[in-house]
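Structure, as structure tokens:
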Amino acid sequence: PVKVYCGDWSGLEGDASGTVTLGGARVYLCFFQNQDADNPNEFVQSDISVSGSTITVTVHNHMAVTNGRFIIIYS
């Protein structure tokens, strides 16, 4: 069975990268999106690391985001 982890996020340009740690071994979708009016629907870079049964997702703050959304589908 797959699990879904989703929510809102924000950050400023130059902020330290944000990290999410989940229990699982596979990532099927990892999607971070900036929905601010001045950057509509811009995709945001993230890195995924899987070690054993731990998934670590890191999102990099390369711009100011106040209205970000994310979804991670994993198992």
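Sequence positions, counted from 1, serve as the residue numbers for this chain.
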**OP:** State yes or no: do L12 and V59 share one hydrophobic cluster built from I, L, V, M, F, W and Y residues joined by side-chain heavy-atom distances below 4.5 Å, directly or via other members?
**Re:** no
Under 3.5 Å donor-acceptor pairs involving side-chain atoms of residues 68-75, not counting sequence neighbours:
residue, atom, partner, partner atom, Å
R69, NE, D8, OD1, 3.4
R69, NH1, D8, OD1, 3.4
R69, NH1, N67, OD1, 2.8
R69, NH2, N67, OD1, 3.0

**OP:** Sort and list the pairs that fulfil salt bridge (Lys or Arg N to Asp or Glu O under 4.0 Å) and have at least one residue in residues 52-65, not counting sequence neighbours.
**Re:** none
Subject >> Residue list, side-chain contact (heavy atoms from CB on, under 4.5 Å) with T66, at least two apart or on another chain >> reply: D36
**OP:** Please identify each residue that fulfils side-chain contact (heavy atoms from CB on, under 4.5 Å) with H60, with sequence neighbours left out.
**Re:** S17, Q45, D47, T58
Original post:
Got E13 and N61 here, is their nearest side-chain heavy-atom distance under 4.5 Å?
Top reply: no
Original post:
What's the spacing between W9 CH2 and S46 OG if we round to 0.5 Å?
Top reply: 9.5 Å
Original post:
Can you list every pair that meets salt bridge (Lys or Arg N to Asp or Glu O under 4.0 Å) and has a residue in residues 50-66, with sequence neighbours left out?
Top reply: none
Original post:
Looking only at heavy atoms, which two atoms of H62 and V44 are closest? And how far apart?
Top reply: CE1-CG1, 4.1 Å
**OP:** Kindly state each residue pair satisfying salt bridge (Lys or Arg N to Asp or Glu O under 4.0 Å) with at least one member in residues 49-64, sequence neighbours excluded.
**Re:** none
**OP:** Can you tell me which residue pairs pass the salt bridge (Lys or Arg N to Asp or Glu O under 4.0 Å) test with a partner in residues 15-24, sequence neighbours excluded?
**Re:** none
Under 3.5 Å donor-acceptor pairs involving side-chain atoms of residues 18-29, not counting sequence neighbours:
none

